[in-house]
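Remember, predicted model here, so these are calculated numbers, not experimental data. Chain identifiers are assigned alphabetically (A, B, ...) following the order of the sequence lines, protein sequences preceding nucleic acid strands; residue numbering begins at 1 within each chain.
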Amino acid sequence: MRAGGDPVHELSLCGAIANIVTRHAAGRPVSVIHVQVGQLRQVVPDTLVFCWELVSDGTPLAGSRIDVEGVPARMRCRACGHVAEVGDLPVFACRDCGSIDAEVISGEEFMVTSLDLGAAPDGAVPDGAVPDGEANEGAST
Amino acid sequence: MGRFHRHDDGTAHSHDDHPAGDHSHGHSHGPGDHSGYQTGPDRVEVLERIFDENDKTAAANRGSFAASGVCAVNLMSSPGAGKTTLLRETLQRMAGELRIGIIEGDIETSLDADRLAGFGAQIALINTGNGFGGECHLDAPMVGSALPRLALSDLDLVLIENVGNLVCPAEFDVGEHARAMVYAITEGEEKPLKYPVMFRSCDLVLVNKMDLLPYLGFDLDGFLANLRAVNPAAAVIQVSARTGEGVDAWCGWLRARLAEVR
């Protein structure tokens with residue numbers, strides 16, 4: 001839920017992910033990092049995956065990839081109890097009774113849920129990988 | 001509930017250990033996708049929020065502010081919406097009344113800090129361009145690093161001027177007590193719908209550049225309806241940082257936030 005062309009904070013978020021993964025992996029090789037991203041988080045999955053390649057490059061986590069599971073935004077009306085998906089238009093009034101007293105019950109997740117351990121395939125290039133030169137160029141913009 | 005899938009080589013297995021239980025993943029496993037490593041039991045449950053690290057530091061910052069009786073306000077906006085001009089007006093009005101510190105986030109320069117010098121406020125500049133690729137927001141560790149450069153015990157109010165950006169700053173708690181956003185009517189009335197996370201995160205929206213209203217085709221009621229759709233609870237103050245219209249009301253809002261903290 002964010003417009004394109006904005007500066008990205010996914011790089012710094014990948015730094016936080018790396019800290020979490022490193023702690024839980026405890027030295028074991030990691031192949032896949034499963035991340036939940038709620039619809040109301042301004043995290044673009046493709047950007048997160050790309051930034052992970054930059055951040056993990058040259059570290060023990062190089063070759064691992066991030067698998068993003070999107071979580072739709074849902075809200076519950078405090079007045080009538082109606083539960084609905086927020087959908088594409090970010091209107092947070094109850095779809096049923098129109099009350100503006102509604103709480104978001106999902107869609108704000110941003111969490112490392114689990115890790116798949118095991119070495120990444122030997123010499124494998126993760127999806128969407130680009131040659132090193134282009135990757136470095138991307139990091140400075 | 002497990003997740004069963006079959007590979008092109010005819011082998012099949014299920015993943016029965018996903019912590020979040022019954023849900024589907026938005027990806028497919030292509031052929032050869034995970035040849036070369038074992039699947040199945042080698043999954044470690046983590047369930048850790050990625051903002052935890054930031055939020056712990058934010059809580060520590062908030063504790064530092066509270067220990068000195070300081071109210072901290074995170075001020076956010078697009079580039080050019082008028083944060084720095086509003087801060088100048090604020091300092092002019094309040095410098096004799098409250099002891100104010102400014103934490104100034106700027107990607108490369110000290111230009112904004114230079115514009116705020118000379119009003120008797122303590123100013124701590126954070127240049128965010130030193131990080132990996134430059135940051136587009138202030139996070140809690142950056143604000144924490146600026147705190148030793150402010151004598152908090154000599155302050156009442158800290159105004160944190162975030163990096164001009166409608167996306168990233170909304171995601172990061174920096175330890176503030178309240179969030180205010182400067183929105184300029186030159187930005188168009190649809191912005192709350194395009195940047196709902198930012199507009200939802202704010203306690204106050206300052207609708208700035210109201211002196212330009214006669215010259216713009218700006219639909220103020222339409223904007224307010226869009227804002228209400230995404231954030232029914234936000235306070236709204238119409239201001240012109242240039243003419244000073246509404247700035248007294250903003251100062252009153254700041255006094256009320258300080259009273260809440262003390």
Quiz item: Does CG belonging to Asp46(A) count more than 12 external heavy atoms closer than 6.0 Å?
Solution: no
Quiz item: Closest approach of Ile100(A) and Pro232(B), non-hydrogen atoms and distance?
Solution: CD1-CB, 3.4 Å
Practice problem: Please state whether the side chain, the backbone, both or neither of Glu53(B) comes within less than 4.5 Å of a heavy atom of chain A. | Solution: side chain
Quiz prompt | Options Glu109(A), Arg28(A), Arg23(A), ranked by heavy-atom pairs under 4.5 Å with chain B, top entry | solution = Arg23(A)
Exercise. Check each of Val37(A), Asn19(A), Ile17(A) against Ile50(B) using the side-chain contact (heavy atoms from CB on, under 4.5 Å) test, and report the only one that passes.
Key: Ile17(A)
Quiz item: Taking atom CG of Leu115(A) and atom CD of Glu45(B), what is their separation to the nearest 0.5 Å?
Solution: 10.5 Å
Quiz item: Between Ala170(B) and Gln42(A), what is the shortest heavy-atom contact and its length?
Solution: CB-NE2, 4.0 Å
Quiz item: So what's closer than 4.5 Å to chain B heavy atoms on Val21(A): side chain, backbone, both or neither?
Solution: neither
Quiz item: How long is the gap from CD on Glu108(A) to CD on Glu171(B), to the nearest 0.5 Å?
Solution: 9.0 Å
Exercise. Would you mind reporting whether Asn165(B) and His9(A) have side-chain heavy atoms less than 4.5 Å apart?
Key: no
Exercise. Would you indicate whether Arg74(A), at its atom CZ, is surrounded by more than 12 heavy atoms from other residues, nucleotides or ligands within a distance under 6.0 Å?
Key: no
Quiz item: Phe172(B) versus Ser12(A): any side-chain heavy-atom pair under 4.5 Å?
Solution: yes
